[in-house]
Number of protein chains: 2
Amino acid sequence: MTHYSTLDTPSVLIDLDKAEANLRRAQDAANRAGLNLRPHIKTHKLPFFARRQVDLGAVGINVQKLGEAEVMADAGLTDILLTFNIIGAAKLARLKALHERVTIRVVADSAECVAGLATTFTDPARPLGVFVECDTGMGRCGVQSPEAALDLARRIVAAPGLEFAGLMTYPAAGKYKQAAEWLAAAKALFDAESIPVPAITTGGTPDIWHMEAAAGVATEYRPGTYIYMDRSQVAAGAASFEDCALTVLATVVSRPTEDRAIIDAGSKALTSDLLGLVGHGYVLDYPEAKITGLSEEHGTIDLSACAQKPGIGDRIRIIPNHCCPVTNLFDRVYLLSGDNLVETLPVAARGRVD
Amino acid sequence: MTHYSTLDTPSVLIDLDKAEANLRRAQDAANRAGLNLRPHIKTHKLPFFARRQVDLGAVGINVQKLGEAEVMADAGLTDILLTFNIIGAAKLARLKALHERVTIRVVADSAECVAGLATTFTDPARPLGVFVECDTGMGRCGVQSPEAALDLARRIVAAPGLEFAGLMTYPAAGKYKQAAEWLAAAKALFDAESIPVPAITTGGTPDIWHMEAAAGVATEYRPGTYIYMDRSQVAAGAASFEDCALTVLATVVSRPTEDRAIIDAGSKALTSDLLGLVGHGYVLDYPEAKITGLSEEHGTIDLSACAQKPGIGDRIRIIPNHCCPVTNLFDRVYLLSGDNLVETLPVAARGRVD
């Protein structure tokens, strides 16, 4: 048995029991709410967990980039929603190749995007499913009104090789009621025009335990971070530190002063993501420790409030602010049962930027 | 000839002519100041540029992790300074293996660190060179006083398999005078005790054009970012946007409103590093554009101040806030001469976290 503390640092540890509990809790909540669950794999980037999510009841997976879809299709995942506008000939060709071997559907929020899809996909016998992305308050992609959603859906319906799949949104954290109202207004508009809306898909881990509030109008929920949880989700009230399955293992490499520790995990391990938080992570066993600064390879910890202080060579575990981009920085992760190593997995979809 | 605009996005473009000019300018400045130049390869992580830096006159290279040193040694680099405390049996064994095939030297800032090295390296015929790291104002690693530097140097001198290599610091940006004073005080102390200080190595791109201020006491300068430069270095006055050799190529994938563009480069391409700046990069050709937000795969741009606005499908080039961690996010970079692709290089030392 390999104890995690013997692994080299920095490294990413995944507590399998906590991850499994998080997966089951969300699937149960979706079942109770009558929603399909479609987990976003950007958080783990691992076929291992994508398959587990499907085994537990997920209807398929959500990815953000073609490269992620390709990795997951290679690994045997067969129902993939790619929630990103696919623009340009090179990406359309890759999407077409994927469409020939798995069920893949995409989103669009503009006539330009639909036009590119309509030119590439022309076979009414095997149409590409396209959702209209709706900006329900996030201020990122998406049509700006239910009327614009209807207009764009008409373009999709009019394209012989495309199929209108429904409405998709990524709601801003905490704005799940606003998102539900937006989607309900859009649904009413589509109903009045007798245009069927096969699915309405929403998501987000920050509001995952309010999933039932989406259920009145949505048919599907797409959380990502919920599998691991992180410090930002604890701050949002979606998890406790006990629920957090991903930790970064680091070594104290310097204790230059009584109150300062330097660890071998900097922004290249923890990322610079703050997500509105102060400090760069939560240190297990040293809850009063404050990670006050990161450079690429060094983390600076203020120990002034700590009764016990780690010494040079000691290992510490950190719950990062945001677990998803941490996964993207490591070539492999270590799966643990309790304190012991079960398996080492390559992060198959790491670095799939396009 | 492949024009950069035909490359898929997001991707990293390196302007070879600008990089070469940056390398030459720094080597010339070091030559004039009478300083050895030892470039930090964390910025490019490419044997290609490490060799070029040595060809132009660098005495060797600087790395931050053992994994980087291993990649560079494999690529034929023979003089490597690893400016990170090496702690623990696994890393000491890797360091020993490196020491057997190249000239590698390290730093230490504690008795514990020196003790680990002294136990591993025991051959007086082939001693390991060890610098004492000095905290001259950065507040990261390093002994806290010249007296502490002297004490630690005595421990190194006393270890049969170690060789005191000198003093090392990474000065805080803008504090190069303070760093030089600190090092001069330490040097005076060592001189008074008749302990030779073979080298004094300092660094940093923000103050690179003040290199001559270090020359009175330092013998070596270790800049990293200078090869590519970035928005933070422009803000620090060390470069102009014209000098910046690294850009991230992105595609506009959505124009949800008149003033908002969404690109396919988010924090997974540009990183969340702010380094005290407002916004997430400088957009070439659209200098009034403001990158106001990043999620992992989306960048949000405020175009309200722009006379011309890019449309869906348009390519834009961004000078990131901090180029070094961008390099770490991509498996490959594209080398350009002018607008044309010259070569595609794997980022050989990417993701070497330990």
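Labels below follow one simple rule: chain letters A, B, ... track the order of the sequence lines, proteins then strands, and each chain is numbered from 1.
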Got A:Asp354 and B:Pro10 here, is their nearest side-chain heavy-atom distance under 4.5 Å? yes
Checked A:Arg140, A:Arg350, A:His322, A:Glu133 vs chain B; the most non-hydrogen pairs under 4.5 Å come from A:Arg140
Considering only heavy atoms, which portion of B:Thr9 lies under 4.5 Å from any heavy atom of chain A: side chain, backbone, both, or neither? both
Test item: A:Val253 and B:Asp109 side chains (from C-beta on) under 4.5 Å apart, heavy atoms: no
Which atoms form the tightest heavy-atom contact between A:Gly142 and B:Pro256, and what is the distance? O-CB, 3.6 Å
Pair A:Lys65 + B:Asp264: basic N to acidic O under 4.0 Å: no
Leading residue by heavy atom contact count with chain A [cutoff under 4.5 Å; candidates B:Glu112, B:Gln64, B:His298]: B:His298
List the steps and the verdict of side-chain contact (heavy atoms from CB on, under 4.5 Å) for B:Lys42 and A:Glu296. CA-CA 9 Å; B:Lys42 62 153 191 158; A:Glu296 281 157 80; 2.7 Å; yes
Pairwise side-chain contact, B:Thr251 with A:Lys91, heavy-atom cut-off 4.5 Å (strictly under): no
Hey, which of B:Ser254, B:Ser11, B:Ser295, B:Ser267 has the most heavy atom pairs under 4.5 Å with chain A? B:Ser254
Check whether B:Asp273 gets within reach of chain A through its side chain, its backbone, both or neither, counting any heavy atom under 4.5 Å. both
Assess the residue pair B:Gln144 and A:Arg260 against the criterion (side-chain contact (heavy atoms from CB on, under 4.5 Å)); give the C-alpha distance rounded to whole Å, side-chain angles, the decisive distance to 0.1 Å, and a yes or no. CA-CA 12 Å; B:Gln144 297 295 299; A:Arg260 190 197 310 162; 3.7 Å; yes
Testing the basics here: between B:Ile262 and A:Cys141, what is the closest heavy-atom pair and its distance to 0.1 Å? CG2-SG, 3.6 Å
Can you tell me which portion of B:Arg332 sits under 4.5 Å from chain A's heavy atoms? Options are side chain, backbone, both or neither. neither
Can you tell me which of B:Leu274, B:Asp8, B:Val143 forms the most heavy-atom pairs within a distance under 4.5 Å of chain A? B:Asp8
Taking atom NZ as the centre, does B:Lys175 end up with more than 12 heavy-atom neighbours from other residues, nucleotides or ligands that are less than 6.0 angstrom away? no
Between A:Arg352 and B:Asp331, is there a salt bridge with N-O shorter than 4.0 Å? no
Measure distances from B:Glu297 to the heavy atoms of chain A and classify the residue's part below 4.5 Å as side chain, backbone, both or neither. both
B:Ser110 versus A:Arg255, side-chain donor and acceptor atoms under 3.5 Å: no
Contacting region of B:Val353 [heavy-atom separation from chain A under 4.5 Å]: both
Which bit of B:Leu329 comes within less than 4.5 Å of chain A, counting heavy atoms only: side chain, backbone, both or neither? both
Can you tell me how far CD1 of B:Ile87 sits from CG of A:Asp314, rounded to the nearest 0.5 angstrom? 10.5 Å
Charged N to carboxylate O under 4.0 angstrom, A:Lys268 versus B:Glu68? yes
